[in-house]
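For reference, the structure discussed in these notes is given below.
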Amino acid sequence: MNGDQYVDFKEFLCVLYTLSNDSPKAKLQLLFRVFDIYQNGVILPEEVKKIVKDFFHLLGKHKSCE
């Protein structure tokens, strides 16, 4: 999206949400797997902080994802 020829986390989230035709439950399951960085079946506080920060950044810069 920013033209640097790399897909960062925020760009990935935007594309994932935009292109997914899955049910809301399936989207949540996919997002949980993406956010579970340590793949331990739980999302830890530091993972939540990263997610919230990236979502707010995403919403602020990429209004086309709404």
- All side chain to side chain donor-acceptor pair (under 3.5 Å) counterparts of K50, not counting sequence neighbours: D54
- Residues at least two apart in sequence or cross-chain that pass side chain to side chain contact (heavy atoms under 4.5 Å, CB included) with Q39, listed by chain then number, are none
- Query: Looking only at heavy atoms, what is the nearest atom pair of Y38 and L44, with distance?
  - Reply: CD1-CD1, 3.4 Å
- Note on the structure: Residue pairs meeting salt bridge (Lys or Arg N to Asp or Glu O under 4.0 Å), one or both in residues 33-46, sequence neighbours left out, come to none
